[in-house]
Structures are given as structure tokens and as C-alpha cells.
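Reading through the C-alpha cells given below for one structure.
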Amino acid sequence: MKILLMGHPNVGKSVFFNRLTAANIIESNYPGTTVDYTKGYMRLEGKDIEIIDVPGTFSLEPKDKAEEVAVRMLHESKGSKVMCVIDASKVERGLYLALEIIEQGFSVVIALNMWDVAIDKNIDIDAKKLEQILGIPVVPTVGISGEGIFALVSRLKDATPVKVEDIVERTEGIKHKANTPDERWALIEGISKKIVTFGEYQHTLKDAIGDFTVKPATGIPFAIAVLYGFWSIFGSFAGFFTDGFLVKIFDEHWLPWLQAVFPGGLGNWFYALIVDVGHLENGVLAASDNCFESFGALSSGLFVPVGVVLPAIFIFYLMLALLEDIGYMPRLAVLIDTVLHKIGLHGYAIVPSVLALGCNVPAVGATRILETKKQRFMMMTLLAVFIPCGAQIGIMQDVIPGSIGFVMLYLMAGYFIFGYILNKVIPGRIPEILMDVPPYQKPMSRNISRKVWMRTSGFLKVAVPLVIFGSLLVNVLYLAGTIDWLGNILAPMFEGWFGVPRETAGPLVAAFLRKDLAVAQLSAIEMTKYQMISAVVLVSIYFPCIATFAMMLREGGKTFLGSLAVLLVVVFTWGGLLHLLWKLMGVA
Amino acid sequence: MILTTLRSGEIAKIVAIEGGQGLRQKLLLRGVSEGSIVRMVSSNRGPVVLEINGSTIAIGRGMAKRIIVQK
């Protein structure tokens, strides 16, 4: 036996899944967190039962790629039982999906989840009566506290296929069948008249805050304050730990210790790869005194991900988790909808865009919640090209603290300008926003800490090996002379068109593996402040890192070639334009 | 009257959804149905934000213009 967890987006399926399987998957207070299915196992009466967290879907007629996955999962799982999770405060719409699944011949149990929210809203539901009418188990639950989940599992064995005609008969007063959407809605209305009573809804302070933060007149200034606060905390927290502690530990203890104990010494090729390549001082090879310049796999290779990026990534994910779980993201989506519509996206595109500021890889996956191919293509391309990831932002904070604001603005301007152009050029429909705005929730510290831990440890697992490998690779290429050769060949382009030193070739090779490593390596090259800005912008907009690359290929398929074409155009125009700007200002 | 002409805080009843089966179905699945009582949260600029039976939903202006309400 297999169990599918199905329901509308943001009804708490992932919370159920984590509870049932003791697994760790991301849960958030906005629709579309699960875009691909997740499998796990639940122990029931001595047997391991496979359980699948299916992406949220409103009906069995899919409207986006995440919903397509859901419907396909259902069709491939004939004979499974379905745990249909319904938001108790929105019973009718949940019942529509449940009826469709029942119609397909599946055994269904219904969880009336967020039962506490329904009580708060003075919505009274007769679960017993609903069970009687449907002929399947119906259990009130509160996913986040775990209430009712045990009862739900124990009722699984009572789930058997039922005929919709019988439900029609038991509802009484419904004359017709339930084969078309209209007939189904009529049946649901008949059922809901018997089981649901809406009491007077008492507005609370939470609703007042909800209204205040979603109306443009008050919501936009509030959003600006939130984003500004986000940025300030991010910068000061990361700066405090990196400059205050980690730089000292790495430069004053770790690097000297490595230089002292590692066999070989300056000039030895193996020592150069692992510890310190050194640099020429008046024609003599001298040892590096900091981990930015040493370039070794165990010096720079550890310092970049752990010493600089880790604090930035940690604080970013902590604040993101808070915004997600409180339920602020959908409100941000509503507020920014008008602006994003001008570039062919709608408000919900803010979710992948903000996720991309952490890491572009999951952000590319999150584009599945956008409805049309055009939107998905645009979003994927724009975020991969213009949105620097948390690791890169973290290292920029440390390397170019004075110019990071300008770099971010220049990239954001590119996002909008190229978005505007792509929207004009690419054929396709732009659907309007239609989205639930969930109530504000008190974030649960358990969920926040788990989410931050999962994302941060995920970063470490990927970043540390890749940065070390990247450092090694670039060092080997340096030693072999490949980087100099590349720099010399491409010199006219680097120096003439982009206005950056030819040595930028090395970091650009590294950028393909890790953008944070690339920016760190740039800091060791002699150049002006303006050249540095240009070089950092180039690192951002030129090829996405290899992990993002793979994800785009997987998610975009053939459209990936289109993304590449856009990328090339952007690199040459947007990168060249910056050089032109410096020339006009007389600084290049 | 058309939904978008409601001002923030005003309460009305949905009397009709003028549109094809597709639009109707989309709205019904979000709980927007004829006979529902709605409270306007935000209608000045951007998407319309509504409260229906205690739940909040944002609807693009183009779609919102197809929804007819009565105060």
C-alpha cells in the first residue's frame, strides 16, 4: 500500500509529511513550497508504508507545472490510498478536489486541517455528518501541533472506494449526478449547507495588521522598511562575525599555522596548490599574509565558504525563514504585482526572486508555480543572470563594502530592463495574479531552526567541496599557464570592451564553479575601484554557476538554449555599458 | 456594480461572475462564488484584495472587473 498526501497549496501537507515520516522537508506559510514530490516511510502496524508528499493542486485539471506533477502522481498510483488535506476554514473548495479524487476510484481519508483556525473564525463544521454523507473517514486535525494526526492514521484502514452517486443520494435534495464542474459545485453547496455554519467573524488585531500591510498606501512604505531592515541586519551581522572574528582566526592563526607545518614551502607546486601561491614583491616570491591572496585549497578554499559566506548565508536564511513563516511573502507579492506585470511576470514571481538571493538552484525549481511557459522562461533566465546568490553577496559585503549598493542596483536595473524587453519579444500570455493571502502566523521556533539548519548545512555540503575543488582547478590552470594564455587571447575583449584587467580570466573560470570564490579571487587582482565594480558585475551576469546550470537544464529543457542566448546578449551589452558609463564619468 | 468600484472596508454580495467556464472554475476553486459576502480590503491600486468568509484572497484587476456585486 502507498499513501498520497494531497490537497490545495498551503494547507499544511508538508507539515503532515514531516510528522508522519519524521522527515525533514521545508514547510512555509505560502503556496508552492513543494514543487516536486517527496517520498518517505511511515511505520504502521509493523509495516513500512510508503508515503508521498504531492505538490499542492486546486483540482485535477492542472494549471501549472507543480500541479501537473500532482495529477501525474495520482494517475501513476492506482490502488493507493489518498490522504486529502483540506483547510477547515475553506471546506467547499477542498471538497471539490476530494470529490474528483473519489470519482477516480481512490480510497480517501479527509483531514479537516487547521481546525483551530476555523474555530477562531467562528466557522462551525459537523465532521461526523460530513463523514456520514461522504461515506469515508473525516478527521479534524491541527497539523502544526500534531492534534488529530494519530486518529487520522488509525482511520486509514476504514477508507474504501465510494461511489459519487451514493454521495449525491445521501446529500438529499440534489436531483442530478455530479459529472460536470457545475454539478459538482451544486453537490458541494448541498453538502456544505448541511455541515457548515459561518458565525459572525470577529476581526482581530492580526487582521488589522494584515490589511495595513497589504494596502498599497500603507503596505508599500512598510515593505520598504522591511527590506531595508533585512539588508541592514544582513550586513551588520555578517560583518560582525566575519571581520570581528573569522578573518582574524583565518589570517592570524590558520594561515600561519598551515604555512609553518605544510611541507614544501613557497615555490613548491604542491604547496602552492594547497596553501599559498605567494606573490612577487620586487621580483622576489613572498608569502601571503591573508587568505584572500593565498589562493590555496585549504587556505582560501576554506576561508571563503566558512569564514566569509557562512555568517551571511546563516543570517539570510534565518530572516527569510521568519518572513516565510509569518506569512509576509504573499503580501509582498500583492504589493509588487503591478511593477512585475510590466515585465511580463506577476507578483508571485517575487518568491523565486527572493529565494534566488539565497541560492539560485532552488529558485529555478520554484519557477514551477508560474503558469505559462513564457513566464517560467523569463523568470528562470532573469534570476540566473541578474540575481546574485547569498554566497556572492556575502563575499561582496567583505570585499567591496563601499560599492556593493551600486552593484546591486545595477543588477536590479538590468533585471527590469531586460525583463521589459523579453516581455515584448517573447510571445505568450501573461495570466493575472490569483492568490490566497494566508493569515499571519506566529513562527514556530522548531520549524525556523530546522529550516535554517537544512538550508545552511545544504550550503556547506555543496559549497565547501566545490570551492576547494575550484581553488585547485584554478591554481592548476595558473601553474599550467592556461589562465595567462586565456587572458592574453581575450585581452582585447576584457580591456577594450569591458574595461577590466586581463587577469580577470582566472576568476571568471572560477565563477563557473562558485561565484563566491570568483569574487574572492578578484580581490587579489590589482585594479581601480571602478574596474572592480565592472569585474564583479561580470562575474554575476556571466554564466550561472554549475549547479544552477544543471538545474536550468533539467527544468527548462530546450528553452535553456534561449536562456543562454539572452545571457550572451546581456553580458556584452550590460557589461559593456558599464565601461561606457565609467568612460563618460572620466574614471576609465 | 463591478467589484473594483467597491471601496476599502465596504461589504457586498457577489451576484454574478461574467466570464467563461474557465474563469468561473478558477474563481470557484478559490472560494469566490455567487452568493458569497465579501469585504473589500484594498481596491485602489494593483490587484484587488478581498476577504470572503474570513479568508483573504488577491485577484488581478482584469478578473475582478468580471465580478458583479451588490451592496
Side-chain angles (χ1 to χ4, degrees), chain A residues 8 57-59 61 63 87 89-94 96-97 117-118 120-123 180-182 184-185 188-189 196 198-203 207 210-212 214-220 327 330-331 333-339 341 346-348 430-439, chain B residues 2-71:
Chain A
H8 284 196
T57 180
F58 280 98
S59 70
E61 301 111 48
K63 294 279 184 275
D87 179 344
S89 65
K90 301 165 188 164
V91 174
E92 283 101 337
R93 49 199 257 191
Y96 188 92
L97 178 66
V117 177
D120 278 352
K121 289 183 178 171
N122 249 327
I123 301 171
T180 66
D182 278 341
R184 259 179 233 134
W185 285 116
I188 288 165
E189 208 188 324
V196 192
F198 289 101
E200 181 73 23
Y201 177 54
Q202 301 289 338
H203 282 98
D207 298 298
D211 288 6
F212 176 84
V214 84
K215 280 184 202 172
T218 45
I220 290 175
R331 287 167 176 87
V334 171
L335 291 170
I336 206 157
D337 182 67
T338 313
V339 179
H341 240 280
H346 64 53
Y348 215 82
I430 319 170
E432 281 194 300
I433 197 168
L434 180 62
M435 180 186 63
D436 287 300
V437 182
Chain B
I2 298 173
L3 178 67
T4 48
T5 58
L6 275 187
R7 266 177 288 160
S8 301
E10 286 187 319
I11 292 173
K13 182 179 182 174
I14 297 179
V15 290
I17 295 170
E18 294 182 336
Q21 187 62 44
L23 177 71
R24 263 180 64 84
Q25 178 70 353
K26 239 170 134 176
L27 289 170
L28 284 170
L29 281 168
R30 307 285 177 147
V32 181
S33 58
E34 283 112 337
S36 305
I37 307 290
V38 301
R39 184 179 71 91
M40 181 59 76
V41 174
S42 162
S43 64
N44 273 347
R45 266 173 296 148
V48 165
V49 183
L50 287 179
E51 186 190 286
I52 303 179
N53 291 329
S55 303
T56 311
I57 179 170
I59 306 177
R61 289 196 92 77
M63 274 186 266
K65 281 183 182 147
R66 314 271 203 92
I67 300 172
I68 311 298
V69 295
Q70 203 172 41
K71 272 205 245 184

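Naming convention: chains lettered A, B, ... in sequence-line order (proteins, then strands); numbering from 1 in each chain. Just so you know, these numbers use all the heavy atoms, side chains as well, and skip hydrogens, waters and symmetry mates.
The interface of residues 61-71 of chain B with chain A, defined by heavy-atom distances below 4.5 Å, comprises B/R61, B/G62, B/M63.
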Exercise for the section: I would like to know whether B/Q25 and A/W185 meet side-chain hydrogen bond (donor to acceptor under 3.5 Å, both in side chains); could you show each step before the answer? Expected result: CA-CA 9 Å; B/Q25 178 70 353; A/W185 285 116; 2.8 Å; yes
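The candidate with the highest count of non-hydrogen atom pairs below 4.5 Å against chain B, out of A/K63, A/H341, A/E61, A/K90, is A/K90.
Residues B/K26 and B/V32 form no side-chain contact, since every pair of their non-hydrogen atoms from C-beta on lies 4.5 Å or further apart. By the 4.5 Å heavy-atom criterion applied to side chains, B/I57 and A/L434 are counted as neighbours.
A cation-pi arrangement, defined by a distance under 6.0 Å to the six-membered ring centre and an angle within 45 degrees of its axis, is present between B/R30 and A/F58.
Interface remark: B/N53 contributes backbone and side-chain atoms alike to the contact with chain A (heavy atom separation under 4.5 Å). Interface residue B/V41: backbone and side-chain heavy atoms are both found under 4.5 Å from chain A. Residue contact with chain B, scored on non-hydrogen atoms closer than 4.5 Å, involves the side chain of A/H8 exclusively. Neither the backbone nor the side chain of A/L335 comes within less than 4.5 Å of any heavy atom in chain B. The part of A/K121 that comes within reach of chain B is its side chain, from C-beta onward, which places non-hydrogen atoms under 4.5 angstrom from that chain. For A/Y201, the part lying under 4.5 angstrom from a heavy atom of chain B is the side chain only.
Of all the heavy atoms in B/M40 and B/V49, the pair that sits closest is SD-O, 3.6 Å. Heavy-atom minimum distance, A/H346 versus A/P431: CD2-O, 3.4 Å. Contact detail for A/F212 and A/T218: the closest heavy-atom pair is O-OG1, 2.6 Å.
Taking a cutoff of 4.0 Å between a charged side-chain nitrogen and a carboxylate oxygen, A/D207 and B/R39 do not qualify as a salt bridge.
Listed by chain and residue number, A/D87 satisfy the side-chain hydrogen bond (donor to acceptor under 3.5 Å, both in side chains) test with A/S89 (two or more places apart in sequence, or in another chain).
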